[in-house]
K.L.:
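First the structure, which I've put down as structure tokens, then a few questions once you've had a look.
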Amino acid sequence: MTNGMSGIQGSPSHQITNNDAHSYAIGQLLNGSSFIEKDVDAEIYRNMESSNITIRVKGTSSNNETTLFSFGDKNSTRKINLRMLSNGKLQLNTNYGGNDEYYTCSKVVGDNRWHTLSLNLEGGKATLYVDGEMDREVTSGIRNFSLNQFNVNSVTIGAYRDVNHRGGAGFFSGVIDYMDVYDHTLTQEEVREITPGYGAVTAASVIAPYTNNSSANTWMFVGGATTEGINREISTKNYLQLFDEIIRVNYNYRRLVTTRFALNQGKTGMSSADLVSTYEERIAKYSSDVVIVTPDIKNEGRLVESSPQSFKQNLEQLRALAVGDGRTVIFMTPASVDDDVAPYVSAMKELANQSGTALIDVYSYFRDIQDPHSSIATLWFENNGIVNETGHLMVAKYMMNEMGINQYTINYTQTPIFGLKYIHT
């Protein structure tokens, strides 16, 4: 973990060859007003006829277009940029000394999730991959996309610079893990090799069959007090109720999707052993398609689990029971920032990896935010350690985002949940 942001690696998980042009281990959070300058390496790229630029980022959309990287001439307008638009999609921007030219892509990456972007540039072809899959390929009989067409003397990460913007413009807001430049293009197989987690099970991929249709299905949440949803503010909703509001009415702009229901089987003080022993009573008798297992680990400040090892064994037994009954299982780590919860979170991650189960890591998300903002522990939690109304809202936002349910896939204008702040901000 670097700068309080989980998921930072600093370099790709695999190196394709030994003749990479250059590798930049960045690991920085950019706040929308700064950039990283690598002009010292510009000469390396100035004569490149073939290249691949791979960057790993986590960012959000904004009201303005932002720039992930730029190679160009700071004494003219010549440049080639990869930008993020206000709708979260990517756009390749070129300028050969005259007017800007744009090539817009289709995948949304401004969703506060990690994405690996890999751009091949060679002659009249530019190919962009997002997380190992091709997003767009541009071919031209007129334009040459090779780096040697842009008189490169300026290399900028997180913004662009040219003769009209010597101090930078299009500042990126988000985290940049690393950027690598190869002196050759990569095949799709090679791109996938350097894409962290390519092919891994994710919550978004697991739940897609249940959201991208109009069939009736039921979601069950099992856990402790957080899931049960005890709140001091009677007028506010817990995370499960917020999720239910989205999934039943507003998902994917279709009003007909009102046959999805979220069942709350949370109960204060429940341990993993309790979840197993009450499986028949609390889970099996309901015809739920998806079971989200979200144990609290603690209740009113005290651990309810005996050890990480027995906790892991109980979760594996619970998972096996649910899968055996034909249910899809997702693990979700607890909404907590306590240090003594960490070993249990590690156990959940181990089990998720070993069993191929999707996992939503709320704990690490909360810890990442707490690192630079220590007041989170009091703003998002009650005195007994249970999340308050703002904590529930943040759990809901993060959980749905990890499921691929966000402002780009719901009727955002009619569902203001993603804009809510409640009173604790």
K.L.:
In terms of relative ring orientation, are Phe35 and Phe171 parallel, tilted or perpendicular, with 30° and 60° separating the classes?
P.N.:
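Parallel.
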K.L.:
Quick one, Val222 and Arg282 - any side-chain contact, counting heavy atoms below 4.5 Å?
P.N.:
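No, too far: nothing below the 4.5 Å cut-off.
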K.L.:
Rounded to the nearest 0.5 Å, what separation is found between the OH atom of Tyr365 and the CE atom of Met399?
P.N.:
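Nearest 0.5 Å value for the OH-CE distance: 12.5 Å.
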K.L.:
Write down the atom of Leu275, the atom of Leu318, and the distance for their closest heavy-atom approach.
P.N.:
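Here Leu275 and Leu318 meet closest at O-CD1, 3.8 Å.
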K.L.:
Verify, without hydrogens or angle tests, whether Asp41 (side chain) and Ile44 (backbone) share a donor-acceptor contact under 3.5 angstrom.
P.N.:
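No, Asp41 side chain to Ile44 backbone: no donor-acceptor pair under 3.5 Å.
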K.L.:
CG of Asp296 to OH of Tyr344: how many Å apart, nearest 0.5 Å?
P.N.:
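Here the interatomic distance stands at 13.5 Å.
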K.L.:
Looking at Glu101 and Thr94, would you say the former's side chain and the latter's main chain have a donor-acceptor pair under 3.5 Å?
P.N.:
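Between the backbone of Thr94 and the side chain of Glu101 there is no qualifying donor-acceptor contact (under 3.5 Å).
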K.L.:
Roughly how far, to the nearest 0.5 Å, is the NZ atom of Lys312 from the CG atom of Leu351?
P.N.:
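Result: 6.5 Å between the selected atoms.
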K.L.:
Side chain to side chain contact (heavy atoms under 4.5 Å, CB included) for Ile330 and Ile207? Distances and angles first, verdict last.
P.N.:
CA-CA 9 Å; Ile330 298 174; Ile207 63 100; 3.3 Å; yes
K.L.:
Measure the shortest side-chain to side-chain distance between Thr67 and Leu82 over non-hydrogen atoms and say whether it is less than 4.5 angstrom.
P.N.:
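The answer is no; the side chains never approach within 4.5 Å.
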K.L.:
Which pair of heavy atoms, one from Phe381 and one from Ala335, lies closest together, and at what distance?
P.N.:
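Closest approach of Phe381 to Ala335, heavy atoms only: CE2-O, 3.3 Å.
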K.L.:
Working note: Phe243 + Phe221, criterion ring-ring contact (aromatic ring centres under 6.0 Å, His included); need CA distance, chi angles, decisive distance, verdict.
P.N.:
CA-CA 11 Å; Phe243 171 81; Phe221 290 73; 5.4 Å; yes
K.L.:
Are any non-hydrogen side-chain atoms of Met332 and Tyr239 less than 4.5 angstrom apart?
P.N.:
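In contact.
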K.L.:
Given the rule in the salt bridge (charged side-chain N to carboxylate O under 4.0 Å, His left out) test, do Asp361 and Arg367 qualify, once you have shown the distances and angles that lead to the verdict?
P.N.:
CA-CA 10 Å; Asp361 194 1; Arg367 287 295 296 259; over 6 Å; no
K.L.:
Could you walk me through whether Lys89 and Met84 pass the side chain to side chain contact (heavy atoms under 4.5 Å, CB included) check?
P.N.:
CA-CA 6 Å; Lys89 296 182 179 182; Met84 184 184 296; over 6 Å; no
K.L.:
For Leu315 and Gln317, run side chain to side chain contact (heavy atoms under 4.5 Å, CB included): C-alpha distance rounded to whole Å, both residues' side-chain angles, the deciding distance at 0.1 Å, then the answer.
P.N.:
CA-CA 5 Å; Leu315 287 189; Gln317 187 176 352; over 6 Å; no
K.L.:
Side-chain contact test, heavy atoms from C-beta onward, threshold under 4.5 Å: evaluate it for Tyr24 versus His22 and give yes or no.
P.N.:
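Of all side-chain heavy-atom pairs linking His22 with Tyr24, at least one is under 4.5 Å.
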K.L.:
Closest approach of Ile194 and Thr54, non-hydrogen atoms and distance?
P.N.:
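Where Ile194 meets Thr54 most closely, the heavy atoms are CD1-OG1, 3.7 Å.
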K.L.:
Side-chain contact, heavy-atom cut-off 4.5 Å: Glu190 with Asn52?
P.N.:
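No; the side chains remain at least 4.5 Å from each other.
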K.L.:
Using side-chain hydrogen bond (donor to acceptor under 3.5 Å, both in side chains), reason through Ser272 and Asn314 one step at a time and then give a plain yes or no.
P.N.:
CA-CA 6 Å; Ser272 58; Asn314 291 334; 3.0 Å; yes
K.L.:
If we check side chain to side chain contact (heavy atoms under 4.5 Å, CB included) with Val109, which of these qualifies: Val57, Leu85, Leu90?
P.N.:
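Single pass found, and it is Leu90.
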K.L.:
Measure across Ala347 and Phe311 and return the closest heavy-atom pair with its distance rounded to 0.1 Å.
P.N.:
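The pair with the smallest heavy-atom distance is CB-CD2, 4.2 Å.
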K.L.:
Would a distance-only check, ignoring hydrogens and angles, find a side-chain to backbone donor-acceptor pair under 3.5 Å from Asn120 to Thr127?
P.N.:
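No; zero donor-acceptor contacts below 3.5 Å.
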K.L.:
Backbone N or O of Ala159 within a donor-acceptor pair of the Thr156 side chain at under 3.5 Å?
P.N.:
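Not at all, since once roles are kept as given, no pair shorter than 3.5 Å links the two residues.
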K.L.:
Side chain of Gln241, backbone of Asn238: donor and acceptor closer than 3.5 Å?
P.N.:
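Confirmed, Gln241 side chain pairs with Asn238 backbone.
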K.L.:
Please report the shortest heavy-atom distance between Pro334 and Ile297, naming the atom on each side.
P.N.:
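For Pro334 versus Ile297, the nearest heavy atoms are CG-CG1, 3.6 Å.
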K.L.:
Which value, rounded to the nearest 0.5 Å, describes the distance between Lys79 atom NZ and Phe150 atom CZ?
P.N.:
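Lys79 atom NZ to Phe150 atom CZ measures 10.0 Å (nearest 0.5 Å).
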K.L.:
Test of understanding: with salt bridge (Lys or Arg N to Asp or Glu O under 4.0 Å), list the residues that count as partners of Arg319, not counting sequence neighbours.
P.N.:
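Arg319 satisfies salt bridge (Lys or Arg N to Asp or Glu O under 4.0 Å) with Glu316 only.
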K.L.:
Please determine whether salt bridge (charged side-chain N to carboxylate O under 4.0 Å, His left out) holds for the pair Lys298 and Asp338, giving the CA-CA distance in whole Å, both sets of side-chain angles, and the decisive distance to 0.1 Å.
P.N.:
CA-CA 10 Å; Lys298 299 176 75 171; Asp338 293 347; 2.9 Å; yes
K.L.:
Quick check: do Arg161 and Asp39 have side-chain heavy atoms less than 4.5 Å from each other?
P.N.:
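Arg161 vs Asp39: side chains touch.
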K.L.:
Flag the pair His392 / Trp380 as yes when at least one side-chain heavy-atom distance between them is below 4.5 Å, and no otherwise.
P.N.:
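A side-chain contact under 4.5 Å is absent here.
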K.L.:
How many angstroms lie between OH in Tyr129 and OG in Ser118, if you round to the nearest 0.5 Å?
P.N.:
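Separation between the atoms: 8.0 Å.
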K.L.:
Test Ser70 against Asn81 for side-chain hydrogen bond (donor to acceptor under 3.5 Å, both in side chains), laying out the working first.
P.N.:
CA-CA 4 Å; Ser70 175; Asn81 305 334; 2.5 Å; yes
K.L.:
In this structure, which one of Asp180, Asp177, Asp131 forms a salt bridge (Lys or Arg N to Asp or Glu O under 4.0 Å) with Arg56?
P.N.:
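Considering Asp180, Asp177, Asp131, a salt bridge (Lys or Arg N to Asp or Glu O under 4.0 Å) with Arg56 is found only for Asp177.
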K.L.:
Would you tell me whether Tyr210 and Thr328 have side-chain atoms, one donor and one acceptor, within less than 3.5 Å of each other?
P.N.:
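Their side chains do contain a donor-acceptor pair, which is all the 3.5 Å distance test asks for.
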K.L.:
Could you go through Ser271 and Glu305, starting from their C-alpha distance and side-chain angles, then the distance that decides it, and tell me whether this counts as side-chain hydrogen bond (donor to acceptor under 3.5 Å, both in side chains)?
P.N.:
CA-CA 6 Å; Ser271 68; Glu305 303 292 340; 4.8 Å; no
K.L.:
Hey, does the side chain of Asp111 reach the backbone of Gly404 with a donor-acceptor pair shorter than 3.5 angstrom?
P.N.:
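Such a contact is absent between Asp111 side chain and Gly404 backbone.
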K.L.:
Could you pull out all residues at least two apart from Tyr363 that satisfy ring-ring contact (aromatic ring centres under 6.0 Å, His included)?
P.N.:
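By the ring-ring contact (aromatic ring centres under 6.0 Å, His included) rule, Tyr363 matches no residue at all.
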K.L.:
Apply the test side chain to side chain contact (heavy atoms under 4.5 Å, CB included) to residues Asp162 and Arg166: give CA-CA distance (whole Å), side-chain angles for both, the deciding distance (0.1 Å), then the verdict.
P.N.:
CA-CA 6 Å; Asp162 61 17; Arg166 294 184 181 274; over 6 Å; no
K.L.:
Testing the basics here: between Val155 and Ala42, what is the closest heavy-atom pair and its distance to 0.1 Å?
P.N.:
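For Val155 and Ala42, the tightest heavy-atom pair comes out as CG2-CA, 4.0 Å.
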K.L.:
Do Asn388 side-chain atoms and Thr390 backbone N/O form a donor-acceptor pair below 3.5 Å?
P.N.:
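Yes, the answer is positive, given that a donor and an acceptor are paired below the 3.5 Å cut-off.
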K.L.:
Check for a donor-acceptor pair, side chain of Ser51 on one end and backbone N or O of Met48 on the other, with a separation under 3.5 Å.
P.N.:
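Side chain of Ser51 to backbone of Met48, a donor-acceptor pair under 3.5 Å: no, none is there.
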K.L.:
Could you check if a side-chain atom of Pro295 sits within less than 4.5 angstrom of a side-chain atom of Met348, using non-hydrogen atoms only?
P.N.:
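In contact.
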K.L.:
Got a second to check how far Asp135's CG is from Ser106's OG, nearest 0.5 Å?
P.N.:
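Taking CG in Asp135 and OG in Ser106, the distance rounds to 4.0 Å.
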K.L.:
Judged by atom type as modelled, is there a donor-acceptor pair below 3.5 Å linking the side chain of Tyr279 to the main-chain atoms of Leu321?
P.N.:
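Confirmed, Tyr279 side chain pairs with Leu321 backbone.
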K.L.:
With distance as the sole test, does Thr357 use its side chain to make a donor-acceptor pair with the main-chain N or O of Asn353 at under 3.5 Å?
P.N.:
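It does not hold such a pair.
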